[in-house]
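Have a look at the structure below before the remarks.
Counting convention: from 1, in listed order, for ligands and their atoms alike. Note that these values count all heavy atoms, side chains included, but never hydrogens, waters or copies made by symmetry.
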Amino acid sequence: MKPGYSLMKHYLQFKDFRAEEYAYLFERARIIKSRFKNYERYTPLSDRTLAMIFEKASTRTRVSFEAGMYQMGGSVVHLTTGDSQLGRSEPIEDSARVISRMVDLVMIRTFGQDKLNRFAAHSRVPVINGLTNEFHPCQILADLFTYLEHRAPVGAKGYDLDCLKGKVVAWVGDGNNMANTWLQAAEILGFTVHVSTPSGYEVDAKVAGISNPDCFKVFKNPLDACRGAHLVTTDVWTSMGYEAENEARLKAFADWCVDAEMMAAAQPDALFMHCLPAHRGEEVTAEVIDGPQSVVWDEAENRMHVQKALMEYLLLGRIG
Ligand code: CP
Ligand code: NVA
């Protein structure tokens with residue numbers, strides 16, 4: 001067993017870490033990003049290998065993990081359902097036992113959270129959720145870091161996460177993996193999510209895995225959800241795995257498009273975020289996503305910086 005594994009942690013959902021661990025991770029992400037921007041080499045994972053398993057498509061998740069691992073001196077192995085035995089019914093437990101004997105870290109993008117949990121239960125090495133039907137914790141990690149970068153001062157110990165307390169995040173759209181993860185983040189970090197979804201697509205506190213009902217409020221009208229918000233965010237109307245529902249969703253979500261009126265109802269300095277890929281004219285207008293309040297490109301780039309901090313933490317523990 002390599003050093004560090006005795007304290008092995010997985011990152012399967014946002015609530016796997018405490019607020020104090022997030023404060024640490026955001027500070028490491030800030031330092032790691034600044035080194036990257038200054039062309040400073042930082043290769044603490046030089047003998048480590050990350051296996052990335054994709055059962056769904058990806059651009060950002062693949063590039064951010066792969067580039068991030070190479071920048072830290074490590075290597076990656078890329079597997080998909082179609083080009084591995086995963087697509088030929090090898091049990092996920094057996095795949096976990098085998099893959100985790102050969103690599104140091106595994107990132108999985110799959111369908112049900114249960115499949116990810118089963119992999120983790122049989123893995124000898126840390127496992128990261130790269131998106132499931134239920135959660136997308138790496139994305140919310142990047143989103144919160146992006147919010148802090150734009151709106152929080154840097155103190156002696158980095159960002160003070162208390163500045164998130166009392167803030168309002170407006171979620172407009174599907175009660176999906178992103179929405180569930182925002183609810184977990186709100187519960188841990190003390191902000192409130194104003195959720196507006198079409199009827200039939202609501203968030204479910206049980207699925208989201210939250211116990212404090214005060215961390216979110218439900219609004220019928222998306223404009224009301226945006227009133228006074230510090231951050232307005234949305235996502236595709238049809239997530240991966242739900243394509244058969246696309247036609248019904250196009251009709252049901254027609255009024256859940258983030259537009260200039262919704263942004264005007266939010267705080268004057270509200271930010272707009274979207275995990276991407278985006279569909280201009282569906283969940284967001286071009287005016288908003290390409291407008292001055294949108295930070296979607298920083299948000300996408302920050303996937304790489306926060307995940308480098310995450311991989312460092314899972315493999316090496318705390319630095320210094
Ligand atoms: N936001 C996100 O996870 O993007 P990809 O699907 O491109 O990885
Ligand atoms: N909710 C979307 C996010 C894509 C990054 C999906 O699961 O497809």
| Atom indices of ligand 2, in the order listed, that fall short of 4.0 Å to a heavy atom of Met240 | 6 (C), 7 (O), 8 (O)

| remark: Note: ligand 1 atoms sitting under 4.0 Å from heavy atoms of Arg303 are 1 (N), 2 (C), 3 (O)

| Numbered atoms of ligand 2 (with element) below 4.0 Å of Leu276, judged on heavy atoms | 5 (C)

| Numbering as shown, the atoms of ligand 1 that approach Leu276 to under 4.0 Å (heavy-atom distance) | 1 (N), 2 (C), 4 (O)

| query | Who's closest to atom 4 (O) of ligand 1 heavy-atom-wise, of Lys56, Arg60, Arg109? | reply | Arg60

| message | Closer than 4.0 Å to some heavy atom of Thr59 - which atoms of ligand 1 meet that? | response | 5 (P), 7 (O), 8 (O)

| query | Has ligand 2 got any nitrogen or oxygen that is less than 3.5 angstrom from a nitrogen or oxygen of Arg109? | reply | no

| said: Tell me the contacting part of Asn133 for ligand 2: side chain, backbone, both, or neither, using a 4.0 Å heavy-atom threshold, strictly below. | reply: neither

| Short N or O distance, Arg62 and ligand 1, threshold 3.5 Å exclusive | no

| query | Short list, please: which atoms of ligand 1 are under 4.0 Å from a heavy atom of Cys275? | reply | 1 (N)

| message | Ignoring hydrogens and geometry beyond distance, is a side-chain donor-acceptor pair present between Gln113 and Gln13 at under 3.5 Å? | response | no

| Proximity flag Thr238 to ligand 2, non-hydrogen atoms under 4.0 Å | no

| Does ligand 1 have any atom sitting under 4.0 Å from a heavy atom of Leu131? | no

| query | Is the shortest side-chain N to carboxylate O distance from Lys15 to Glu187 below 4.0 Å? | reply | no

| note | atom 4 (C) of ligand 2 sits nearest the protein heavy atom Leu131 CD1, 3.9 Å

| request: Measure from the ring center of Phe145 to the ring center of His305 and say whether it is less than 6.0 Å. | output: no

| query | Does His136 come within less than 4.0 angstrom of ligand 1, counting non-hydrogen atoms of the residue? | reply | yes

| request: Look only at the side chain of Glu299 and the backbone of His274, and say whether a donor-acceptor pair between them is shorter than 3.5 Å. | output: yes

| message | Test your reading of the model: is there a side-chain donor-acceptor pair from Glu243 to the backbone of Gly241, 3.5 Å cut-off? | response | yes

| task | Give a yes or no on whether the ring-centroid distance for Tyr313 and Tyr11 is below 6.0 angstrom. | result | no

| field | Min N/O separation Ser239 to ligand 2 under 3.5 Å | value | yes

| message | Any side-chain to backbone donor/acceptor pair from His78 onto Met52? Under 3.5 Å, distance only. | response | no

| request: Look at Glu20 together with Lys157 and state whether they make a salt bridge at an N to O cut-off of under 4.0 Å. | output: no

| note | Closest heavy-atom pair, Val284 versus Phe272, reported as atoms and distance to 0.1 Å, is CG2-CZ, 3.5 Å

| field | Nearest atoms (heavy-atom pairs only) where Ala260 meets Val288 | value | N-CG2, 3.6 Å

| request: Report, in ascending order of atom number, the atoms of ligand 2 lying under 4.0 Å from any heavy atom of Asn176. | output: 1 (N)

| field | Closest non-hydrogen atom pair between Asp174 and Val236, with its separation | value | CB-O, 4.2 Å

| request: Could you tell me whether Asn177 and ligand 2 have an N or O pair separated by under 3.5 Å? | output: yes

| field | Residue part near ligand 2, for Thr61, under 4.0 Å between non-hydrogen atoms | value | neither

| same_hphob_cluster(Leu315, Leu141) at 4.5 Å side-chain heavy-atom cutoff | yes

| remark: In this structure, atom 3 (C) of ligand 2 is nearest to the protein heavy atom Asp235 OD2, 3.6 Å

